[in-house]
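Take a look at the structure set out below.
We use all heavy atoms of the structure for the numbers below, so side chains are in, but hydrogens, waters and symmetry mates are not. Per chain, numbering begins at 1; letters A, B, ... match sequence-line order.
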Amino acid sequence: MNEWRFAGFDKGGVRPHIPVDDSLSVRAGPGLSDSYPDDASYPRPGGIAARALAAARGAPDWLDALNPEQRAAVETLDGPVLVLAGAGTGKTRVLTSRIAHILALQRARPFEILAVTFTNKAAREMRERVATLIGPAAEGMGWLGTFHAISAKILRRHAELVDLKSNFTILDTDDQIRLLKQLLKAENIDDKRWTARALAYLIDNWKNRGLDARHVPAGEAQAFANGKGGALYALYQERLKNLNAVDFGDLLLECLRLFRDNPDVLREYQSRFKFILVDEYQDTNAAQYLWLRLLVQRAGPNQPQNLCCVGDDDQSIYGWRGAEVDNILRFEKDFPGAKVVRLERNYRSTGHILAAASHLIARNRDRLGKTLFTDGDWGEKPTVAGVWDSEEEARVVGEEIEQLQRQGASLDDMAILVRASFQMREFEERFISLGLPYKVIGGPRFYERLEIRDALAYLRCVAQPADDLAFERIVNTPKRGLGESTVQTIHEFGRARQIPLIQAGRLLVETEELKPKPRGSLRALLADFARWSGLIEQTPHYELAEQILEESGYSDFWKNERSAEAEGRLENLKELIRSMEEFPDLGAFLEHVSLVMDADNSEGGERVSIMTLHGAKGLEFDTVFLPGWEEGLFPHQRSLDENGRAGLEEERRLAYVGVTRARKRAKILFASNRRIHGLWQSTVPSRFIDDLPVDHVEVVDEAKSGGSYGAYAQSRFANIDAFGSSYETPGWRRAQSRKAEAPPSRGPKTIEGEVVSRAAPPGKFAPGARIFHQKFGPGSVAAVDGSKLTIDFDKAGRKLVLDTFVELRS
DNA sequence: GATGGGCAAGTTTTT
DNA sequence: CTTGCCCATC
């Protein structure tokens with residue numbers, strides 16, 4: 001829509017060349033995909049395009065689209081700016097407009113703007129939205145990315161200054177744990193009493209706080225493994241350096257070290273980044289804060305610190321992983337003369353929802369304070385409903401969803417936001433039996449899945465023959481008789497000669513060290529590696545990958561595995577190969593994977609979303625269900641125990657995030673009974689329910705509410721007064737009554753319309769037929785009742801499912 | 001070296 | 001009630 005503005009040099013052949021800043025143009029090592037060259041098409045100051053651009057500057061329409069506060073946030077370019085952006089107040093719009101504005105005024109070129117986010121998703125979104133504002137020049141923004149991606153980019157350029165090679169590997173948590181396990185073993189530490197996981201957590205914490213091994217407070221270093229904590233940290237770092245590897249925390253930490261030890265390098269970046277923008281500032285940890293502080297100190301003393309941080313202290317929900325809300329609370333002190341802009345006009349939610357959210361969050365003490373308002377309708381009041389147990393909770397939610405669906409609402413506009421992921425299962429099971437399509441957001445991510453990690457390890461072994469961790473991962477997967485003792489031997493052999501495992505293995509098979517059987521297997525495996533490595537140049541990388549998975553026996557390994565998941569895993573492997581086609585070569589692909597642990601799983605069809613409250617941040621839905629508002633679960637007991645009032649306030653912010661995800665409807669539920677660790681416990685409604693304003697919330701008695709379920713329950717309810725039970729709560733009575741009766745038979749209503757229309761032709765499934773179900777795996781049909789099948793699953797036992805969720809197996 | 005049973009633990013999650 | 005991990009056994 002704004003394309004005309006840049007049309008002059010995008011289409012007209014005027015492509016002015018901007019010389020690349022030589023000092024920074026050192027190319028990174030192999031494997032680095034530099035898809036956004038710094039000198040991407042952009043008008044040279046004073047050039048024809050630039051002048052055409054200046055002419056267009058008169059009335060930039062991105063400014064017209066802003067309210068006065070947003071506009072102030074966009075137009076205040078000089079000096080530090082803090083934008084306190086409440087939920088749904090247009091924070092991303094401000095960030096992207098600001099970038100567009102800087103570029104349009106030619107205050108900086110695209111590669112002179114540093115724009116940092118926390119997630120790849122946020123970075124991608126920002127890039128896309130900038131592109132819609134200003135056109136393809138957004139492609140020139142080589143410094144728009146996550147803290148980690150940008151740090152990695154900087155580190156690769158100067159790797160040698162921090163004792164790394166520029167092709168260093170980035171380890172993920174899994175590699176990290178395995179490395180630490182080895183370390184604990186080597187140090188003879190009881191790794192049950194002191195787990196690798198705990199140590200990883202500790203080290204991560206230190207890194208989040210910007211502490212290297214020498215600066216860890218003595219007390220904390222002492223606390224682990226009888227005083228060995230600090231030493232282990234140092235040893236771990238040493239191991240990483242030997243492997244030419246860094247973990248996520250190191251990306252920032254090594255960057256800090258680079259800047260501190262090399263003032264000239266720091267100065268280059270300081271003068272390069274004319275403007276710095278930070279998204280979700282309330283989520284920054286100490287290391288990221290230091291990183292920003294270093295970069296924002298511009299060369300001259302009078303240079304303005306053009307830092308713009310956008311965030312919302314009320315949405316700080318990541319304290320437990322090192323985020324310091326304090327960073328945002330302290331902003332004005334840190335950056336004297338800072339201008340603070342509050343965005344309080346909400347464009348997302350209706351009045352009652354906002355009122356409820358505001359009232360709730362006002363109970364927190366440590367906050368800067370904002371009051372959201374809207375010009376829109378009051379809309380529906382958020383509802384609060386008590387149910388007997390988690391099963392009823394799932395049932396009630398399912399019914400409301402179907403009712404909304406009948407009224408024409410899309411499943412895509414509905415979400416269930418839970419505090420903890422174990423809550424999801426009950427909803428999934430209910431939805432499966434209802435035939436309600438759903439998707440779980442934020443489960444194990446694509447690249448974190450076992451089979452994907454294994455496949456990647458094979459690729460790493462082939463592309464980076466010194467990758468010991470990858471080698472160890474798959475040396476005996478699938479089983480090929482190379483167990484622990486063999487690996488141990490290779491290890492010792494390699495360590496003695498200071499060479500990587502694969503190389504050690506090569507030498508070792510020529511000796512008599514190994515018994516004939518493992519020696520043969522190892523020799524065969526290494527020969528495979530060598531052969532595949534040789535094919536890198538000639539074979540397209542995705543074909544090579546396929547070949548590797550076939551020839552290594554890895555694909556067969558899953559084909560022969562007869563578990564419920566095997567099918568899906570093979571599917572994932574195919575998806576992996578497909579996704580590789582988007583990358584120019586294997587190196588580029590592996591770099592992508594280590595940083596952008598992300599793969600799109602957008603399948604067709606409307607679906608209800610099920611996700612955690614944490615995962616919901618930044619999203620919005622017409623209707624939001626908020627189940628499980630019970631003391632102990634939400635606020636979570638552990639949060640209270642471990643962090644006291646601060647913990648409670650973070651939980652309350654989580655509640656606030658949850659409520660503010662809703663555009664039109666927020667539905668809060670609590671159960672009186674919940675099964676925790678296998679045993680039933682009676683529960684008390686969350687204190688957050690009491691934090692809601694009476695005038696803006698509707699308390700729903702499920703027994704009296706409308707809808708088929710309500711009517712049903714009410715009629716039951718009428719029957720049981722005669723029980724004369726000493727339990728007086730309606731929920732208890734209802735639950736009692738239901739136990740006496742057959743389960744509610746309101747099935748037919750729910751599978752009218754769309755669902756029924758998707759039913760398989762009658763007779764397709766006959767008793768005895770073998771089938772496959774996406775969640776429960778393979779099974780046999782036991783009985784058929786219209787579109788409803790009773791199935792004996794091989795793993796999951798007998799279940800009633802809809803035929804639309806089942807595939808026939810021959 | 002593989003395999004199955006026993007046992008402890010069990011928020012939130014990105015990079 | 002699960003799940004994942006470790007150890008003991010074949």
remark   = Among the nucleotides dT11(B), dT12(B), dC6(C), whichever has the atom closest to the side chain of Ser421(A) is dT12(B)
inquiry  = So if I take every side-chain heavy atom of Thr146(A) and compare against dT15(B), dT11(B), dT12(B), which nucleotide ends up nearest?
reply    = dT15(B)
request  = Identify whether any heavy atom of Ser485(A) sits under 4.0 Å from a base atom; if not, whether one sits that close to sugar-phosphate; answer base, sugar-phosphate or nothing.
outcome  = sugar-phosphate
ask   = Since syn is defined as within 90° of 0, does dT12(B) count as syn or as anti?
value = anti
Sugar-phosphate only, base, or nothing, as touched by Asn476(A) at under 4.0 Å among non-hydrogen atoms = sugar-phosphate
query = Planes under 30° and centres closer than 5.5 Å, is that true for His148(A) with the base of dT15(B)?
reply = no
query = Which whole-number value in Å describes the distance from Gln315(A) CD to dT12(B) P?
reply = 20 Å
message = Taking any heavy-atom pair under 4.0 Å as a contact, classify Thr486(A): base, sugar-phosphate, or nothing.
response = sugar-phosphate
query = Which listed nucleotide (dT11(B), dT15(B), dT14(B)) is nearest to the side chain of Leu595(A)?
reply = dT15(B)
ask   = Hey, which of these two, Thr173(A) or Gly481(A), hits DNA chain B nearer its 5' end, going by closest nucleotide?
value = Gly481(A)
Sugar-phosphate, base or nothing in reach of Gln637(A), heavy atoms under 4.0 Å = nothing
query = Does the ring of His677(A) lie flat against the base of dA9(B), closer than 5.5 Å centre to centre with planes under 30°?
reply = no
query = With side chains defined as the heavy atoms from C-beta onward, is the minimum distance between Glu280(A) and Gln315(A) less than 4.5 Å?
reply = no
message = Please pick, from dT2(C), dT11(B), dT13(B), the nucleotide with the shortest atom-to-atom distance to any side-chain atom of Arg638(A).
response = dT11(B)
inquiry  = For dT12(B), is there a stacking contact with Trp320(A), counting only centres under 5.5 Å and planes under 30°?
reply    = yes
message = Nearest whole Å is fine: how far is dG10(B) P from Tyr201(A) OH?
response = 13 Å
Within-4.5 Å side-chain heavy-atom neighbours: Leu595(A) and Asn120(A) = no
message = For a quick check of understanding: with a heavy-atom distance under 4.0 Å over all strands, which category does Glu651(A) fall into, base, sugar-phosphate or nothing?
response = base
remark   = Heavy atoms of Glu451(A) and Asn572(A) approach each other most closely as OE2-ND2, 2.7 Å
query = Under 4.0 angstrom, heavy atoms only, what part of the nucleic acid is Gly678(A) near: base, sugar-phosphate, or nothing?
reply = base
message = If I pick the P atom on dT12(B) and the same atom on dC5(C), what distance separates them, to the nearest angstrom?
response = 16 Å
request  = Round to the nearest Å and state the distance from Glu484(A) atom CD to dA2(B) atom P.
outcome  = 11 Å
query = Can you check the Trp680(A) CH2 to dT2(C) P distance for me, whole Å?
reply = 13 Å
key: Donor-acceptor pair (no angle test) under 3.5 Å: Arg419(A) side chain, dT12(B) base   = yes
note = Separation of dG4(C) atom P from Asp174(A) atom CG, nearest Å, is 13 Å
task = Answer with yes or no whether the side chains of Arg652(A) and Tyr656(A) bring together a donor and an acceptor at under 3.5 Å.
result = no
request  = For the pair Arg661(A) (side chain) and Leu619(A) (backbone), establish whether a donor and an acceptor sit closer than 3.5 Å, ignoring hydrogens and angles.
outcome  = yes
task = Let me know the distance between CD of Gln288(A) and P of dT14(B), rounded to the nearest Å.
result = 14 Å
inquiry  = Please report the distance separating the P of dT11(B) from the corresponding atom of dG4(C), rounded so that it comes out in whole Å.
reply    = 13 Å
request  = In whole angstrom, give the distance that lies between atom NE2 of His636(A) and atom P of dG10(B).
outcome  = 11 Å
ask   = Roughly, in whole Å, what's the span from NZ in Lys617(A) to P in dT14(B)?
value = 12 Å
message = Among His636(A), Arg687(A), Gln637(A), exactly one meets side-chain hydrogen bond (donor to acceptor under 3.5 Å, both in side chains) together with Glu631(A). Which residue is that?
response = Arg687(A)
